[in-house]
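These notes are about the structure you will find just below.
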Amino acid sequence: MKRIVIVFVALLMPAVLFGQNKQRFWAGAELSGSYGVADVNNPVDDDLDDSYNPSTIDVNALGGIYLFKRLSLGVGTGISYFNAPDMVYCPVFGDLRFFFRKMDVKPLNYYMYGRAGVPILLSRSGKGSIAEAGFGSLFSMNGRPFQVSLGYSYNQFKYTSQGHHLSPERHSVTLKFGIMF
């Protein structure tokens, strides 16, 4: 994992220096919600009825740089709440976006990968990974760029609870709303 972070930083630093000269930086905030379509290896499921569904709420802040006119690379962090098992994490992730056309409404693809990060307000110790991919649109309203996107999210956690080592996996459909600065 340390090698991945070092390589990522080594690639991002020249891009940041280039972006400072060309005014290609961007920053944004996103609010997203996920609806679980599968929850694998979660012992909490055994105690719940059929109406149970794992969901997630995320608030993220991210920033990046346009490497080319249609390709951007960024990093972000935020707060993620998972309802089963009750966990609040501070994820750290990389963000890659590809914009299809240069027009008022820009279709886009995005890819995220990161670590679930530090558990917050949690009596458990744990770690995990996050992967997400999706498509959406970036459009402007009153001169301010907004983003709406739909995607697939995969989360895996490894944590210890009451002396048991658990490793649930979650597959979700994600809806995101964001504002760019």
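As a basis for the values below, the full set of heavy atoms in this structure was taken, side chains included, without hydrogen atoms, waters or symmetry mates.
Here the shortest heavy-atom pairing between P91 and N60 reads CG-OD1, 4.4 Å. Between V148 and F177 the shortest heavy-atom distance is CG2-CD2, 3.9 Å. Pairing each heavy atom of T77 with each of F93, the nearest pair is N-CE2, 3.8 Å.
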task = Verify side chain to side chain contact (heavy atoms under 4.5 Å, CB included) between D95 and Y113, making sure each step is shown before the conclusion.
result = CA-CA 7 Å; D95 182 85; Y113 178 77; over 6 Å; no
query = Under the side chain to side chain contact (heavy atoms under 4.5 Å, CB included) criterion, do Y152 and S172 qualify, and how do the steps go?
reply = CA-CA 6 Å; Y152 163 79; S172 306; over 6 Å; no
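Remark: Y154 OH to I130 CD1 distance equals 11.5 Å, nearest 0.5 Å. To the nearest 0.5 angstrom, L62 atom CG is 4.0 Å from W26 atom CH2. Note that OG of S72 is 7.0 Å distant from CG of L96, once rounded to the nearest 0.5 Å.
Side-chain atoms of P145 and L138, non-hydrogen and from C-beta on, do get closer than 4.5 Å to each other. Considering only heavy atoms from C-beta on, L71 stays 4.5 Å or farther from R97 through its side chain. Between F139 and K106, every side-chain heavy-atom pair lies at or beyond the 4.5 Å cut-off.
Evaluation of the salt bridge (Lys or Arg N to Asp or Glu O under 4.0 Å) test over residues 132-157, restricted to residues two or more places apart or in two chains, returns E132-K176.
Side chain to side chain, T174 and S34 meet the donor-acceptor criterion of an N or O pair below 3.5 Å.
Not counting sequence neighbours, F146 has no partner by the ring pair (Phe, Tyr, Trp, His ring centres under 6.0 Å) test. Under the ring pair (Phe, Tyr, Trp, His ring centres under 6.0 Å) criterion, F98 pairs with F100, not counting sequence neighbours. S80 is linked by a side chain to side chain donor-acceptor pair (under 3.5 Å) to D58, counting only residues two or more places apart in sequence or in another chain. Residues satisfying the side-chain contact (heavy atoms from CB on, under 4.5 Å) test with V173, not counting sequence neighbours, are V37, L150. Taking S149 as the reference, Q147 meet the side chain to side chain donor-acceptor pair (under 3.5 Å) condition, with sequence neighbours excluded. For F99, the ring pair (Phe, Tyr, Trp, His ring centres under 6.0 Å) partners two or more places apart in sequence, or in a different chain, are Y66.
In this structure, L31 is not a member of the same hydrophobic cluster as M141, with clusters built from ILVMFWY side-chain heavy atoms closer than 4.5 Å.
Within 6.0 Å of CZ on F135 lie no more than 12 heavy atoms contributed by other residues, nucleotides or ligands.
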